[in-house]
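Here is the structure we will look at, set down as structure tokens.
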Amino acid sequence: YKTPVNLTLSADGSRLYAACESSDSLIVINTATRKVIKEIKVQNQPHGVCLSTGGALIFVSNRGSDSVTVIDAAQLKVLRHLKVGDEPHGLVTDTEDKKLYVANAGSNDISVIDLKTNKEIKRLSGGRGTWDMKRSPDGKSVYVTNNLSHFVKFREPSRSEVTVID
């Protein structure tokens, strides 16, 4: 079993991209025919998948190899692998496709990648278990969920948070 864990659609809805953890692959599906177009080998335990704002690139987080695979959406070929923090999960680009934000669950932080140089330019502190992220409709903020509570005293209610990047 390939274990699809996350997916996203192309802007026009013609393609579905599914990150498959057990097969270390991204499966591309034609939504009209419901047929697999291609299965692309990525790195270890892919988790998150997103498209660049323009749709030219596909980004897949690989939690088992602490990397993001960058794929050409037209050619469906791997271009490169980017090193990020421990156990990357959710990811999103800014509206101008200049930066990629990656939620690193294992290191409780967010990698900020410059998409021109393909290098990490900073690492932002996140909450415990930074998990997923979405960009605001106006593109001014990125919201990051955290799947673990802050540390609290015994028998006190858990305290969750959402991290906001402005």
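The OG atom of S22 lies 8.0 Å from the CD atom of Q45; values are rounded to the nearest 0.5 Å. Taking CG of L79 as the reference point, atom CD1 of I58 lies at 9.5 Å (rounded to 0.5 Å). The NZ atom of K119 lies 10.5 Å from the CG atom of D114; values are rounded to the nearest 0.5 Å. How far NZ of K83 is from CD of E120: 10.5 Å, rounded to the nearest 0.5 Å.
A heavy-atom distance below 4.5 Å is found between the side chains of P88 and D66. Side-chain contact check for R15 versus L76: some heavy-atom pair is nearer than 4.5 Å. The shortest side-chain heavy-atom distance between N147 and R128 does not fall under the 4.5 Å cut-off. Annotation: side chain of S125 is not in contact with side chain of D109 (no heavy-atom distance under 4.5 Å). Between C50 and L91, some side-chain heavy-atom pair lies under the 4.5 Å cut-off. By the 4.5 Å heavy-atom criterion applied to side chains, S61 and V49 are not counted as neighbours. Put simply, the side chain of I110 does not reach to within 4.5 Å of the side chain of V102, judged on heavy atoms. With a 4.5 Å cut-off on side-chain heavy atoms, S107 and R123 count as touching.
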*Take E21 and K2 through the salt bridge (charged side-chain N to carboxylate O under 4.0 Å, His left out) test and state the conclusion after the steps.*
CA-CA 7 Å; E21 190 170 86; K2 296 187 182 291; over 6 Å; no
*N62 and H47: side chain to side chain donor-acceptor pair (under 3.5 Å), yes or no, with the steps?*
CA-CA 6 Å; N62 304 294; H47 183 83; over 6 Å; no
*Between Q43 and S67, does a side chain to side chain donor-acceptor pair (under 3.5 Å) hold up when you go through it step by step?*
CA-CA 8 Å; Q43 290 192 314; S67 66; 2.5 Å; yes
*Carefully, step by step, assess T95 and R135 under the rule side chain to side chain contact (heavy atoms under 4.5 Å, CB included).*
CA-CA 8 Å; T95 55; R135 184 181 57 227; 3.6 Å; yes
*Using the side chain to side chain contact (heavy atoms under 4.5 Å, CB included) rule, take S141 and V164 through it: C-alpha gap first, then chi angles, then the decisive distance, then the call.*
CA-CA 7 Å; S141 301; V164 181; 4.2 Å; yes
*asked:* Between D97 and T53, is the side chain to side chain donor-acceptor pair (under 3.5 Å) condition met? List the steps.
replied: CA-CA 6 Å; D97 290 334; T53 303; 3.2 Å; yes
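In plain terms, the two heavy atoms of L9 and L51 that are nearest each other are O-CD1, 3.5 Å. In terms of heavy-atom proximity, V68 sits nearest to L100 at CG1-CD2, 4.0 Å. Nearest approach of S111 to V84, heavy atoms of both residues: OG-CB, 3.6 Å.
More than 12 heavy atoms of other shown residues, nucleotides or ligands fall within 6.0 angstrom of atom NZ in K38.
With respect to K99, the side chain to side chain contact (heavy atoms under 4.5 Å, CB included) criterion is satisfied by exactly one of T93, D94, V92: D94.
Linking Ile, Leu, Val, Met, Phe, Trp and Tyr whenever their side-chain heavy atoms come within less than 4.5 Å leaves L82 and V60 in two separate clusters.
Of the possible polar contacts, one joining the T145 side chain to the D132 backbone as a donor-acceptor pair under 3.5 Å is found. Side chain of S25 to main chain of I40: no donor-acceptor pair is present (N/O by atom type, distance under 3.5 Å, no hydrogens or angles). Under the 3.5 Å distance criterion, the side-chain polar atoms of D12 are matched with a main-chain donor or acceptor of S14.
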